[in-house]
Amino acid sequence: MTIREMQEEILRMKEEKDLCILAHTYQSREVTEIADYVGDSFQLSLKARTAPQSSILMCGVRFMAETVKILSPEKAVYLSSPQAGCPMAEQLTPEQVCAEKEKYPGCMTVAYVNTTAELKAVADVCVTSSSAAEIVKKLPAKDILFIPDVNLGAYVQACCPEKKLHFLFGGCPVHSSLTLRDAKRAKAEHPAAKLLVHPECRPEVVAYADYVGSTAGIIEYVARSPKSEFIIGTENSVAEYLGFEYPEKKFYPLSKGLICADMKATTLPDVYRILKEGAEPLEMNPELLQKARGCIDRMLALG
Ligand code: 13P
Ligand code: SF4
């Protein structure tokens, strides 16, 4: 079976089974081509709430499928690859977070959406990289315990000087591998290019960049910019995606090693197999689901 034939068969089966395919922009081109919707974490969570189909297949990582299930508990939700987790989502335990919170009376806990449902259940509100600063600004508390990404947290702190953010530890192993040296080298090689980075990068890389934003923010920046060359400081599939969308412009990955193995765990045959043979839908404890939901609902109301 060719890739094209497999894609056509997937499109046919998803209609027949009333299934919606959501794909994060970090997925491969073969997968994004068969998705009903492609977007960043925030855009996907909005679609998870409104998709009219009776079941949803999330092509991404586990916390994204959990977010879909939390927002649409009545639907059957599938994760494209059972081993696709986000290492950052599991770096902290709810016990660590609750113990830390005790240190700052009156503080609110803000959880990056890249967290397990257990962590969301002990947080006051969730954020994505595109909505984090906006939401933190709106919170009534001055003291904020921001989990788990210290790099995104440092970026939010810089955007919200009136708040006092507190951190535990944590971060994305892919984005935090980028160094200022990588950024300076890329700028020296492509002096006319704008440097666009994700806020999961280290603060010194963020400070050096021409633009910092989520996956969707980076894509929108390119769409609006009259410039024709860009260095992309996020997972390499974003540079690849932009190359397909804007063939007249040039995109240089900030580092060739910027690949998230978990996001890349999903293949087109995985999607085909789930549709053809079926799979176990995601199961979540209803009480946990309910507790985690408050945190995501607050994000959608404030973001
Ligand atoms: P966004 O989709 O919010 O840009 O986050 C990037 C990411 O690392 C997803 O896991
Ligand atoms: Fe997690 Fe980083 Fe991969 Fe995103 S890129 S899924 S934050 S490990």
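First listed ligand is number 1; within each ligand, the first listed atom is number 1. All values reported here derive from a predicted model rather than from experimental measurement. Scope of the values below: all heavy atoms of this structure, side chains included, with no hydrogens, waters or symmetry mates.
For Thr267 and Tyr272, the side-chain atoms include no donor-acceptor pair closer than 3.5 Å. With no hydrogens or angles considered, a side-chain donor-acceptor pair links Asp18 and Ser54 at under 3.5 Å. A donor-acceptor contact under 3.5 angstrom links the side chains of Ser237 and Lys264, judged on distance only.
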Candidate pair Ser81 and Gln83, rule side-chain hydrogen bond (donor to acceptor under 3.5 Å, both in side chains), full reasoning: CA-CA 6 Å; Ser81 171; Gln83 71 268 30; 3.2 Å; yes
Arg202 and Asp182: CA distance, side-chain angles, deciding distance, salt bridge (charged side-chain N to carboxylate O under 4.0 Å, His left out) verdict: CA-CA 12 Å; Arg202 297 180 193 186; Asp182 295 327; over 6 Å; no
CA sep, side-chain torsions, deciding dist, call: Glu16, Arg12, salt bridge (charged side-chain N to carboxylate O under 4.0 Å, His left out): CA-CA 6 Å; Glu16 185 188 285; Arg12 191 193 62 73; 2.7 Å; yes
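Residue contacts with ligand 2, taken as heavy atom pairs separated by less than 4.0 Å, do not involve Glu235 at all. Using a 4.0 Å cut-off between heavy atoms, Glu200 contacts ligand 1 through its side chain alone, with no backbone atom that close.
For atom 4 (O) of ligand 1, the closest heavy atom belonging to the protein is Thr215 OG1, 2.6 Å. Looking only at protein heavy atoms, the nearest one to atom 10 (O) of ligand 1 is Asn114 ND2, 3.2 Å. Nearest protein heavy-atom neighbour of atom 2 (Fe) of ligand 2: Cys172 SG, 2.3 Å. The protein heavy-atom contact nearest to atom 3 (O) of ligand 1 is Ser129 OG, 2.8 Å. Looking from atom 5 (O) of ligand 1 to the surrounding protein, the closest heavy atom is His198 NE2, 3.4 Å. Distance from atom 2 (O) of ligand 1 to its nearest protein heavy atom, with residue and atom name: His24 NE2, 2.6 Å. Nearest to atom 8 (S) of ligand 2 among the protein's heavy atoms is Pro87 CD, 3.5 Å. Of all protein heavy atoms, the one lying nearest to atom 6 (C) of ligand 1 is Tyr26 OH, 3.2 Å.
Here the rule is side-chain hydrogen bond (donor to acceptor under 3.5 Å, both in side chains) with Ser214, and of Asp40, Thr234, Thr25 only Asp40 fits it.
Considering both main-chain and side-chain atoms, Ser41 comes within under 3.5 Å of ligand 1 through a nitrogen or oxygen pair.
In summary, the atoms of ligand 1 found under 4.0 Å from a heavy atom of Tyr112, numbered by their order in the structure, are 5 (O). For ligand 1, the atoms closer than 4.0 angstrom to any heavy atom of Ser214 are 4 (O). Annotation for ligand 2: atoms under 4.0 Å from non-hydrogen atoms of Met88 are 7 (S). Counting atoms of ligand 2 from 1 in the listed order, those under 4.0 Å from a heavy atom of Tyr26 are 5 (S).
With hydrogens and angles ignored, the 3.5 Å screen pairs no side-chain donor or acceptor of Thr115 with any backbone N or O of Ala89.
Under the 4.5 Å side-chain heavy-atom criterion for ILVMFWY residues, no single connected hydrophobic cluster contains both Val61 and Leu92.
A cation-pi arrangement, defined by a distance under 6.0 Å to the six-membered ring centre and an angle within 45 degrees of its axis, is absent between Lys194 and Phe230.
Taking 2.8 Å as the criterion, Cys86 counts as a coordinating residue of atom 1 (Fe) of ligand 2, since one of its N, O or S atoms falls below it. At a cut-off of 2.8 Å, Cys260 is counted among the residues with an N, O or S atom near atom 3 (Fe) of ligand 2.
Ring planes of Tyr104 and His166: parallel class, angle under 30° (limits at 30 and 60°).
A heavy-atom separation below 4.0 Å is found between Asn114 and ligand 2.
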